[in-house]
There are 2 protein chains.
Amino acid sequence: IHEPPHSFDPRSLLSSLSVDVQLLLSQIADLSTFSDTPAPAITRILYSEKDVLARRYVKNLLGLAGLSVREDAVGNMFGRWDGYEPELAPVATGSHIDAIPYSGIYDGVVGVLGAIEAINTLKRSGYKPKRSLEVIVFTSEEPTRFGIGCVGSHLYDIPYNLTFECSRLMARNEAVMKALKTTFDKQNISFLEAARSAGYAKGVDDLSSVFLKEGCYSAFVELHIEQGPILDAEGISIGVVTAIAAPATLIVDFEGNGGHAGGVLMPHRNDAGLAAAELALDVEKYVLESGSIDTVGTVGILQLHPGAINSIPSKAHLTIGMVITWLEVAEDTRDIDEKRRNEVIEKIHESAVAIARKRGVNLSFKILNQDPPAHSDKSVIEAVEVASKELNLTHKRMISRAYHDSLFMAGVSPMGMIFIPCYKGHSHKPEEYASSQDIENGVKVLFLTLAKLSST
Amino acid sequence: IHEPPHSFDPRSLLSSLSVDVQLLLSQIADLSTFSDTPAPAITRILYSEKDVLARRYVKNLLGLAGLSVREDAVGNMFGRWDGYEPELAPVATGSHIDAIPYSGIYDGVVGVLGAIEAINTLKRSGYKPKRSLEVIVFTSEEPTRFGIGCVGSHLYDIPYNLTFECSRLMARNEAVMKALKTTFDKQNISFLEAARSAGYAKGVDDLSSVFLKEGCYSAFVELHIEQGPILDAEGISIGVVTAIAAPATLIVDFEGNGGHAGGVLMPHRNDAGLAAAELALDVEKYVLESGSIDTVGTVGILQLHPGAINSIPSKAHLTIGMVITWLEVAEDTRDIDEKRRNEVIEKIHESAVAIARKRGVNLSFKILNQDPPAHSDKSVIEAVEVASKELNLTHKRMISRAYHDSLFMAGVSPMGMIFIPCYKGHSHKPEEYASSQDIENGVKVLFLTLAKLSST
Ligand SMILES: [Mn+2]
Ligand SMILES: [Mn+2]
Ligand SMILES: [Mn+2]
Ligand SMILES: [Mn+2]
């Protein structure tokens, strides 16, 4: 039979598979030095000085890998290796390098530096891709600075209203530009100003150049630590992600009169902080009452104003992250679980209204995002499973409870994810740890998966 | 009868009483410009640039009033007008100029600039004091920066332990120096470093020079806005303070494992933020259950770590300010009410222990201070009442629910306070307001009170 000159052959690739895991570990260690907090507590905030330095470091590695590098107006980086049929839609892989305050060194980073090492390994093996391969480094996967996560992969609209319509994946349109122009960080710096200070969006007011078009990639696959305890507990090497959970973010503000903590008697108070405390506990209560072990809800931010020992809080600001996941990936349960999450959100809203009325405080309740879940594509799932089998690695299908850029890439491309174990599921804290063996396994699976997906 | 040449004569003083209230208001307005937040929201933090500028402004006024100015190692300022019997213990008056974040322009300031104007008025009237008169500007009445209030008037020891012994007014001793050396602000700057950056404590490691000795003043009187609604609501011009409430401050920290808000299921969490929310609501509950309208408790600070949308809080830091006041000033009820406050603190402690056990979080529970109440001295109360009568001003005896430097001055001197109304009791927020008429009344009462106290 006739085959193209460089077709996919896992056996020959396997024989030449030589991941330089020591180099990769040293790069992970290098990248961890770009942090606003001392190691092992990583803090790398979008467009900060340390983020810019980290981007420069990664950009250099993309160049050293022989990739042609492009940066877009928000700082997404793309490193392309042209295939021998460059007119075909490329296969992409990648993740993020930003880090929430006091987090760990592996989240996102394994999927970026691991992707570059997978490409280097493919090149060393003599493999020639039919489809072009791209490494993507996404801007602001973490929502730390502007409250919006996965900016690079999915710029979604700022809220919304009190009706609980599901937002669905939004068209990348005028609304996005408007949202980014009206989004400010705590220092009142706009997203666009911040982007410009980091060297992006120069002379650009229209970010439509950033928007990826549906079909722009033939597949997207992201290597990532699990950020949960399952693979570590069960001693399994590879998680084959079949679906990504559906996050929702609520922004709640209470406002009362404040006043002197000694001077104002209890009956005359309308303490915004206590309203917030009540709502935080109600979030936990309604999540637990939802009847689904996979429903989680978290008040990650709770800020009091003015925040003084002897002042009654006049303002309280909460963000509530709601995630619903599902045990079955069948299409019919997806809708059931999304409905369950939205019912919990509705209860939280009713509770916030009741607390505000009871305590005489004003309420602002916004749904920042309420995204639907995403399913991995069968082609990517199977490529990851085949790769794991070829490598004799234990593997299992699982869902991702944390969201990732892949959730939004599902809107433009067939998508899948490769999980590796992380110690006790620790993530978003300094204890986050992935072993060199697990990282090497992940890069090997990515190597074979990219080869398979780019050869057809 | 034989009388000294310049003895106290209210009638002649009254005829020459000419408070320059317009000048005083313009000085209050001037001082309000030294703030880290735009007017009318005042923020003037201990030893900050704006605090140093405000100190310089006030020091200049003390000099212009012909007072001999001394600053001690923590920045307390003393402006002395020598009496004709300078060997007698002086009469002192004063307050503070620091301001908690987003507060108002009158708290403390009226008692400092009003005292200088009272001195100027006394000088203009031709009055010659027998005892020397001193204006004191106290350092850090507000606990904002280092968690310790009334630093200048009472440097008290940092805690302590879980036994609920009442600390009582502590001896000003080695323990104080140790406490100040081990106290750091949020930027990890020590109290002494901060003092040095503001130009104080130069080459000084031993702050014993700051400590006032018992009997160093024959009387201390502080003019202050009420910071409560009573005088304003009842249309009364002058509050004669008979006692100052007994504050206590608790510092509570919970610590759990944190983790990724999407990845960790609810049963595996030990959310420090929810522990804090529960305790905040318990504080309110136990205060309300105490059976005393005058018992108040406030969670003014609640900080979550890392404070990110998608992170489970691993640490929560609360400060709880507890104040118990009492309606009767009889000696026998004082102890009853202090006991009641300490019972509430004991309940809060038990609750914190129970919450920590239930939620699997670690607990640190400290009593930063647990001061006893202070009573005004009969001599000062009567001088203020006589002055109010001479001026035909409506007045009433009342207690101060907010604490003041006067609370601690009671440890070294007979003490009293003059309250003036403030609009609706607003304080510690930008809405704080005292009318020019009420400020003028307060300065007139202070004028006569100082004359009376310094003439005997
Ligand atoms: Mn993350
Ligand atoms: Mn990530
Ligand atoms: Mn105050
Ligand atoms: Mn004050």
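In what follows, chains carry the letters A, B, and so on, assigned in the order in which the sequence lines appear, proteins first and then strands, with residues in each chain numbered from 1.
For the pair Thr319(A) and Ile309(B), the tightest heavy-atom approach, listed with the atom from each and the gap, is OG1-CG1, 3.5 Å. When all heavy atoms of Asn310(A) and His428(B) are compared, the closest pair comes out as O-ND1, 3.0 Å. The heavy-atom pair separating Leu274(A) from Ala280(B) by the smallest distance is CD2-O, 3.5 Å. When every heavy atom of Ser311(A) is checked against every heavy atom of Thr298(B), the shortest pair comes out as O-CG2, 3.8 Å. Between Val296(A) and Met266(B), the shortest heavy-atom contact is CA-SD, 3.8 Å.
Note on Gly300(A), Ala277(A), Gly263(A): by heavy-atom pairs under 4.5 Å with chain B, the leading option is Gly300(A). Contact count against chain A (heavy-atom pairs under 4.5 Å) is highest for Ala308(B) among Ala308(B), Gly307(B), Gly273(B). Contact tally against chain A (heavy-atom pairs below 4.5 Å) for Pro229(B), Gly228(B), Gly321(B), Pro313(B): the top residue is Pro313(B). When each of Leu318(B), Leu302(B), Val264(B) is scored by its heavy-atom pairs under 4.5 Å with chain A, the top score falls to Leu302(B). Of the listed residues His268(A), Arg269(A), Glu142(A), the one with more heavy-atom pairs under 4.5 angstrom with chain B than any other is Arg269(A). Contact count against chain B (heavy-atom pairs under 4.5 Å) is highest for Pro143(A) among Pro143(A), Gly104(A), Ser314(A), Pro267(A). For chain A, the option among Leu281(B), Leu279(B), Thr43(B), Ile100(B) with the highest count of heavy-atom pairs below 4.5 Å is Leu281(B). Interface remark: of the candidates Gly258(B), Gly259(B), Ala41(B), Ala276(B), Gly259(B) forms the most heavy-atom pairs closer than 4.5 Å to chain A.
Two residues are said to be in side-chain contact when any heavy atoms from C-beta on lie closer than 4.5 Å; Glu284(A) and Asp271(B) fail this criterion.
For chain A, no part of Ile320(B) is nearby; none of its heavy atoms comes within less than 4.5 Å. Both the backbone and the side chain of Glu278(B) have a heavy atom closer than 4.5 Å to some heavy atom of chain A. When heavy atoms are compared at a cutoff of 4.5 Å, His305(A) approaches chain B solely by way of its side chain, counted from C-beta outward.
For the atom pair CG of Leu265(A) and CD1 of Ile230(B), the computed distance is 7.5 Å after rounding to the nearest 0.5 Å. Taking NZ of Lys429(B) as the reference point, atom CG of Asn257(A) lies at 4.5 Å (rounded to 0.5 Å). Distance check: Glu432(A) CD to His260(B) NE2 gives 9.0 Å after rounding to the nearest 0.5 Å.
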